[in-house]
2 protein chains.
Amino acid sequence: MTHFLGTHQNKLDAKGRVSVPAAFRAALRSLGEGEAGGGLILRPSHTHPCIEAWPAPLFQSLTQSLDRLDLFSEAHDDLAAALYADAYPVEADREGRIVLPDALIAHAGLSESVVFMGLGRIFQIWEPEAAARRREEARARARARGLTLPGLAPAPAATSRPVAEGGHG
Amino acid sequence: MTHFLGTHQNKLDAKGRVSVPAAFRAALRSLGEGEAGGGLILRPSHTHPCIEAWPAPLFQSLTQSLDRLDLFSEAHDDLAAALYADAYPVEADREGRIVLPDALIAHAGLSESVVFMGLGRIFQIWEPEAAARRREEARARARARGLTLPGLAPAPAATSRPVAEGGHG
DNA sequence: TGCCGTCCCATAGTATCCCATGAATTCCCA
DNA sequence: TGGGAATTCATGGGATACTATGGGACGGCA
């Protein structure tokens, strides 16, 4: 799997650890076969009460574009602050768990259970109920947006042949 | 067969497994000869109480446009959450069975028996009675609409045969 | 020296793989 | 064209591997 898919719920223990879902671990491994693949960059989402998790390689490619900016420009300054200042690199232990920084736990309002929400190239970590609300909202907004993806209209004209059972043709 | 046709009923066992109908398995194989072909993406239908099953290659082509979107845009956020967060990749075991995630079983209200409904390029998984109702409804609406398919307009007499069903309750 | 963070080990529960069986279908040959 | 044999399909169950989670030990820093 090259993408983070699905929603998975795990428990945050007293030490602030959570198991990264096995499916996500597999995706991470496939992203970077070396050691960087296991790495993650955690940062607070700017738009939602949740933690954004970036695979290290993807985050690096993101910052490369930033590195091309003039070091003394305002643009660089702002972007750098927005991107780096709140970012925490984490690494999974041998059991595949990561430790969530307190600041991020607070930002996402996490308690005992947390859910990992796959968003394709990245994933997010949510408080379970907030995550459910968010999915609901995203669905509504995506629909309002007109589902601007080619082919997303489910099940087109194929219904013209509803049943073809026991064909003796 | 390159399309999913017909309606097939199989049993969901205690472990949450179902056999994918052999005809659908053949279609899947022909879609992607490599490894991706055997893969399926399951997601809850947003419009019906059923599970939508997408062949992995088709789902990928669907998401390619999404992957080109700016990761920080609202559009990406909403669409990614709507598309990916409820999507579960599954792979058939050597007997051709897949495991349905609990969340999707709940969404579709599945119990002992499930129905696979071919919709051409994708298929759906239904609770049997709900599936029957759905076919009924689709049939009625299609008829009301005059079964107008683009390109099918100059309909010869043959198309007037709307349904050839072997009725079983 | 005490506290905190990290690493490592242990375990229960669960999911995955694999083999086995009955039934139905298809194919082949008479 | 009919009968028989070999496949294929759908389903059940057991063994194995893995995941998730808890707790303890070690080392670093204050």
Side-chain angles (χ1 to χ4, degrees), chain A residues 1 4-30 35 38-40 42 53 88-106 110-118 123 125-126 128 164-169, chain B residues 1 4-30 35 38-40 42 53 88-106 110-118 123 125-126 128 166 168:
Chain A
M1 171 172 64
F4 301 105
L5 295 182
T7 300
H8 311 264
Q9 178 161 343
N10 282 338
K11 283 187 183 169
L12 193 63
D13 69 15
K15 299 178 179 180
R17 299 177 297 186
V18 237
S19 286
V20 177
F24 287 12
R25 290 208 295 268
L28 280 172
R29 251 179 280 129
S30 79
E35 281 304 300
L40 275 175
L42 301 183
Y88 298 84
V90 297
E91 194 113 4
D93 65 14
R94 103 162 39 171
E95 284 79 27
R97 287 179 291 196
I98 56 175
V99 177
L100 303 183
D102 288 341
L104 297 183
I105 291 180
L110 303 181
S111 55
E112 188 182 341
S113 286
V114 306
V115 307
F116 290 73
M117 216 166 101
F123 62 88
I125 302 176
W126 286 78
E165 223 157 339
H168 58 287
Chain B
M1 169 171 67
F4 302 106
L5 298 180
T7 299
H8 311 264
Q9 178 161 342
N10 282 338
K11 284 189 181 168
L12 193 63
D13 70 16
K15 298 179 180 180
R17 299 178 296 186
V18 236
S19 286
V20 176
F24 288 11
R25 289 209 295 266
L28 279 173
R29 251 179 280 129
S30 78
E35 281 304 301
L40 276 175
L42 302 183
Y88 294 87
V90 297
E91 195 114 2
D93 64 14
R94 103 162 39 170
E95 284 80 27
R97 287 178 291 195
I98 56 175
V99 177
L100 303 183
D102 288 341
L104 297 182
I105 290 181
L110 303 181
S111 55
E112 189 182 340
S113 287
V114 307
V115 157
F116 289 74
M117 216 165 105
F123 61 89
I125 302 176
W126 287 78
H168 54 52

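Excluded from the calculations below are hydrogen atoms, water molecules and symmetry mates; all remaining heavy atoms, backbone and side chain alike, are included. Numbers restart at 1 for each chain; the letters A, B, ... are given by sequence-line order, proteins then strands.
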key: Base-contact (B) and sugar-phosphate-only (S) positions in nucleotides 10-15 of chain C, heavy-atom cut-off under 4.0 Å, - elsewhere   = ------
task = Report the end-to-end axis angle of the helix from C:dT1-D:dA30 to C:dA30-D:dT1; each axis comes from five terminal pairs, and the value is rounded to 10°.
result = 30°
inquiry  = Is A:Arg94 close enough to C:dT6 that one of its side-chain N or O atoms is under 4.0 Å from OP1 or OP2 there?
reply    = no
ask   = Would you say a side-chain N or O of A:Arg17 is under 4.0 Å from OP1 or OP2 of D:dA20?
value = no
Rounding to an integer number of Å, can you tell me how far [X] [atom1] sits from [N] [atom2]?
X: B:Ile98; N: D:dC9; atom1: CD1; atom2: C1'; value: 16 Å
X: A:Glu112; N: D:dT21; atom1: CD; atom2: C1'; value: 12 Å
X: A:Glu91; N: C:dG5; atom1: CD; atom2: P; value: 19 Å
X: A:Lys15; N: C:dC7; atom1: NZ; atom2: P; value: 12 Å

remark   = When every non-hydrogen atom of B:Ala27 is compared with those of B:Phe4, the smallest separation belongs to CB-CE2, 3.6 Å
key: Backbone N/O of B:Leu40 and side chain of B:Tyr88: donor-acceptor pair under 3.5 Å   = no
message = Can you tell me which nucleotide in C:dC17, C:dC7, D:dA20 comes closest to the side chain of A:Ser19?
response = D:dA20
message = Using a strict heavy-atom distance below 4.0 Å, which residues from residues 6-14 of chain A are in contact with DNA chain D?
response = A:Asn10, A:Lys11, A:Asp13
What pairs of donor and acceptor atoms, side-chain ones from residues 94-104 of chain B against any protein atom, are under 3.5 angstrom apart with sequence neighbours left out?
{"unit_1": "B:Arg97", "atom_1": "NE", "unit_2": "B:Asp93", "atom_2": "OD2", "d": "3.4"}

remark   = Comparing B:Asp93 with A:Val99, nearest DNA chain C nucleotide closer to 5' gives the residue A:Val99
message = Test of understanding: with side-chain contact (heavy atoms from CB on, under 4.5 Å), list the residues that count as partners of B:Pro128, not counting sequence neighbours.
response = B:Gln9, B:Ser113, B:Val115
Show which side-chain atoms of residues 15-24 of chain A pair as donor or acceptor with protein atoms under 3.5 Å away, not counting sequence neighbours.
{"unit_1": "A:Arg17", "atom_1": "NE", "unit_2": "A:Asp13", "atom_2": "OD2", "d": "2.6"}
{"unit_1": "A:Arg17", "atom_1": "NH2", "unit_2": "A:Asp13", "atom_2": "OD2", "d": "2.9"}

